[in-house]
Amino acid sequence: MESHCVGESDGLTFCLARPEDYDDVMAISQNIYSGNDYLPHRYHSWMTEPGRVVIIARRDRKLVALESGLVVDGGETVIVEGLRVCPNERGCGLAGVIQRFVDGYIKKVYPTVKTKRLTRGDDPGPEKLSKFTLLARRAVLSLRGNSEGFDSFVSGLKDKLAVSNESNSSRPLVPVKDSDTLKALLLDTDLSSRLQFPGGAIIQDWQPLKLMESNLHILARRNLTWFIDGSGGKPLFISFHTPPYPIPFNGGSLRFNIDLFGTDASLAKKAVMAHFNSVKSEIQGLVLVHIYMHQTLWEDLKQFCEGHDTVKQLQNFWEQLFLEREL
C-alpha cells in the first residue's frame with residue numbers, strides 16, 4: 001500500500017485524499033445535490049482543515065467513493081459530510097462500506113469521539129431513520145435569481161418592511177463584528193432554549209455544532225456575517241450567512257446560504273433583508289439562495305420574498321434533518 005493509504009476492505013483500497021485527487025473526485029460527483037454541490041469549492045480547503053479527515057476509496061486504482069468527517073465539540077463528535085459514490089456503483093452497498101471504514105478510522109485516530117452527527121436534505125425513510133436519533137427538522141426556503149434583478153429585489157424587501165411598519169418596531173437588528181461580543185452571546189447558557197436552537201446546536205451551512213468555546217474557532221474560520229436582535233442583553237434572534245460560493249448548477253452559479261435562529265417573524269424578515277443587502281454587490285450571474293429556519297417561519301418568509309420578476313421560489317417546502325447516533 002502507498003503511504004497515504006490507510007486500509008483495505010471489500011476489494012477496496014482506502015486512502016487519505018490529497019489535492020491531486022481533485023479531478024477524480026469531481027468525476028464521480030456528477031449531478032450531486034442537483035448541481036448544488038459545495039465540494040468543488042471546498043475540496044482544497046478540506047485538505048488542510050484542522051480536525052478534518054477525508055477518505056477516498058479506489059477499486060483497481062479507480063476512485064469510486066469519498067466520505068469526510070470533521071471532529072468537533074472538543075473531540076467528542078464527528079460530523080460526517082461529502083459522501084458520494086461513482087454513478088455506476090450506486091445502489092450496490094458501496095456507501096455503507098466506506099461509511100463503516102470511515103467510522104472505524106475516526107475512532108482509531110480520535111478515540112475520544114463518541115457521537116456521529118449529520119444533516120441531510122431528504123427523508124431517508126423509517127428503516128434508515130431507525131438507526132439514528134432525529135434531533136430536529138428545519139424548514140428551507142429556496143430561491144433562484146440573477147444579478148440583474150437582485151438590487152430591485154432587495155429594494156422591494158425594504159419597501160415591504162417599511163409598509164408593514166416592521167422596520168420601525170422596537171426590536172432593531174444589528175450586525176455583530178466583535179469576536180468577544182459574539183463569544184459572550186453564543187456561550188450564554190439559556191440562548192439555546194430561548195431561540196429554540198435545533199437539537200440544541202447551531203447549524204452553520206449544514207454543520208451542527210454545540211454551543212461551546214472550542215467550536216467558536218470553527219465558526220470563526222467560516223468568515224460569517226452575523227446579525228442579532230439588538231434590543232437588549234437577551235436577544236430573541238440570531239442569524240448569519242456564509243459568503244456566496246460557486247457551484248456547478250446550470251454550468252456555473254453561486255450558492256448563498258442564510259441560517260436563521262429564533263421564531264420572531266418580524267426579526268426574520270429584517271434578517272433576510274439585511275443579509276441580502278450585505279451581499280448584493282457580490283452577486284454575479286445566477287444565484288441559488290437557501291434560507292434555513294424554524295418551521296413556523298417558512299410561510300411568512302415565502303410570502304415576504306415572493307412577487308418579484310427575477311428572484312423566484314426554486315422549490316416547494318423542504319426540510320433539513322439533523323441526525324445523530326453513537327459511534
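Predicted model, so just to flag it, every value in this text is computed and none were measured. Only heavy atoms go into these numbers, but all of them, side chains included; no hydrogens, no water, no symmetry mates.
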Asker: Answer yes when D10 and R100 have at least one side-chain N-carboxylate O distance shorter than 4.0 Å, and no when they do not.
Answerer: no
Asker: Do Q207 and E81 have side-chain atoms, one donor and one acceptor, less than 3.5 Å apart?
Answerer: yes
Asker: Just how far is it from atom CZ of F249 to atom CG of D37, taken to the nearest 0.5 Å?
Answerer: 13.5 Å
Asker: When hydrophobic residues are tied together by side-chain contacts of less than 4.5 Å, even through go-betweens, does L187 share a cluster with L191?
Answerer: yes
Asker: Has R255 got its NZ or CZ under 6.0 Å from the middle of the six-membered ring of Y245, at an angle within 45 degrees of the ring axis?
Answerer: no
Asker: Could you verify whether a donor N or O on one side chain and an acceptor N or O on the other, from T310 and H308, lie under 3.5 Å apart?
Answerer: yes
Asker: Are I218 and M47 linked, directly or through intermediate hydrophobic residues, by side-chain heavy-atom contacts shorter than 4.5 Å (ILVMFWY only)?
Answerer: no
Asker: What heavy-atom pair brings A271 and S239 nearest, and what distance separates the two atoms?
Answerer: CB-OG, 3.5 Å
Asker: Out of curiosity, D73 CG to T112 OG1, how far, rounded to the nearest 0.5 Å?
Answerer: 10.5 Å
Asker: Using a cut-off of 6.0 Å, state whether more than 12 heavy atoms not belonging to D60 lie near its atom CG.
Answerer: no
Asker: Please determine whether the number of non-hydrogen atoms from other residues, nucleotides or ligands lying under 6.0 Å from atom CD of Q315 exceeds 12.
Answerer: yes
Asker: Indicate the atoms forming the closest heavy-atom contact of Y22 with P40, along with that distance.
Answerer: OH-O, 3.4 Å
Asker: Between S142 and W318, do the side chains contain a donor N or O and an acceptor N or O under 3.5 Å apart?
Answerer: yes
Asker: Could you pull out the closest heavy-atom pair between R59 and G11, with the gap in Å?
Answerer: CG-O, 3.8 Å
Asker: For the residue pair R138 and D259, establish whether any side-chain heavy-atom pair is separated by less than 4.5 Å.
Answerer: yes
Asker: Keeping D188 on the side-chain end and L185 on the backbone end, is there a donor-acceptor pair under 3.5 Å?
Answerer: no
Asker: Ignoring hydrogens, what is the shortest heavy-atom contact between P235 and D229? Give both atom names and the distance.
Answerer: CB-O, 3.4 Å
Asker: Considering residues, nucleotides and ligands other than E213, do more than 12 of their heavy atoms fall under 6.0 Å from its CD?
Answerer: no
Asker: Under a 4.5 Å side-chain heavy-atom rule over Ile, Leu, Val, Met, Phe, Trp and Tyr, are F304 and L143 clustered together?
Answerer: yes
Asker: Quick one: pull up NZ in K62 and OG1 in T13 and give me the separation to the nearest 0.5 Å.
Answerer: 15.0 Å
Asker: Give a yes or no answer on whether the side chain of S253 reaches the backbone of V287 with a donor-acceptor pair at less than 3.5 Å.
Answerer: no
Asker: Parallel under 30°, tilted from 30 to 60°, perpendicular over 60°: which one fits the rings of F276 and F150?
Answerer: perpendicular
Asker: Can you tell which of F240, F237, W226 makes a ring pair (Phe, Tyr, Trp, His ring centres under 6.0 Å) with F261?
Answerer: F240
Asker: State the CZ-CG distance between R144 and L288, to the nearest 0.5 angstrom.
Answerer: 7.0 Å
Asker: Give a yes or no on whether the backbone of T77 and the side-chain of K210 come within a donor-acceptor separation of less than 3.5 Å.
Answerer: no
Asker: State whether the number of non-hydrogen atoms from other residues, nucleotides or ligands found under 6.0 Å of K183 atom NZ is greater than 12.
Answerer: no
Asker: Could you report the tightest heavy-atom contact between M212 and G74, atom names first, then the distance?
Answerer: CE-N, 4.0 Å
Asker: Would you call R120-D122 a salt bridge at under 4.0 Å N-O?
Answerer: yes
Asker: Between the main-chain N or O of S266 and the side-chain N or O of D264, is there a donor-acceptor pair closer than 3.5 Å?
Answerer: yes
Asker: Is it true that L195 and V174 fall in one hydrophobic cluster, defined by side-chain heavy atoms closer than 4.5 Å?
Answerer: yes
Asker: Which heavy atom in G262 sits nearest to a heavy atom in H294, and how many Å separate them?
Answerer: O-CB, 3.8 Å
Asker: With side chain to side chain contact (heavy atoms under 4.5 Å, CB included) as the test, would you mind laying out the steps for V109 and V71 before giving the verdict?
Answerer: CA-CA 11 Å; V109 176; V71 176; over 6 Å; no
Asker: Supply the atom-to-atom distance R221 CZ to H217 NE2, rounded to the nearest 0.5 angstrom.
Answerer: 9.5 Å
Asker: With rounding to the nearest 0.5 Å, note down the distance linking OH in Y33 to OH in Y38.
Answerer: 4.0 Å
Asker: Identify whether the distance between the nearest side-chain nitrogen and carboxylate oxygen of D205 and R42 falls below 4.0 Å.
Answerer: yes
Asker: Quick check on the hydrophobic clustering: are Y105 and V85 connected, directly or via other members, by side-chain heavy-atom contacts under 4.5 Å?
Answerer: yes
Asker: Once the angle between the rings of F227 and H275 is folded into 0 to 90°, is it parallel (under 30°), tilted (30 to 60°) or perpendicular (over 60°)?
Answerer: perpendicular
Asker: Can you see whether Q204 engages T242 through a side-chain donor-acceptor pair at a distance of less than 3.5 angstrom?
Answerer: yes
Asker: Does V113 offer a backbone N or O that forms a donor-acceptor pair with the side chain of K107 under 3.5 Å?
Answerer: yes
Asker: I'd like to know if the side chain of D24 reaches the main chain of A27, judged simply by a donor and an acceptor atom lying under 3.5 Å from each other, with no hydrogens or angles considered.
Answerer: no
Asker: Please determine if E89 and R58 form a salt bridge, counting it only when a charged side-chain N lies under 4.0 Å from a carboxylate O.
Answerer: no
Asker: Got a salt bridge between K116 and D103, using NZ or NE/NH1/NH2 to carboxylate O under 4.0 Å?
Answerer: yes
Asker: Determine whether a donor-acceptor pair (N or O, by modelled atom type, separation under 3.5 Å) exists between the side chain of R84 and the backbone of G82.
Answerer: yes
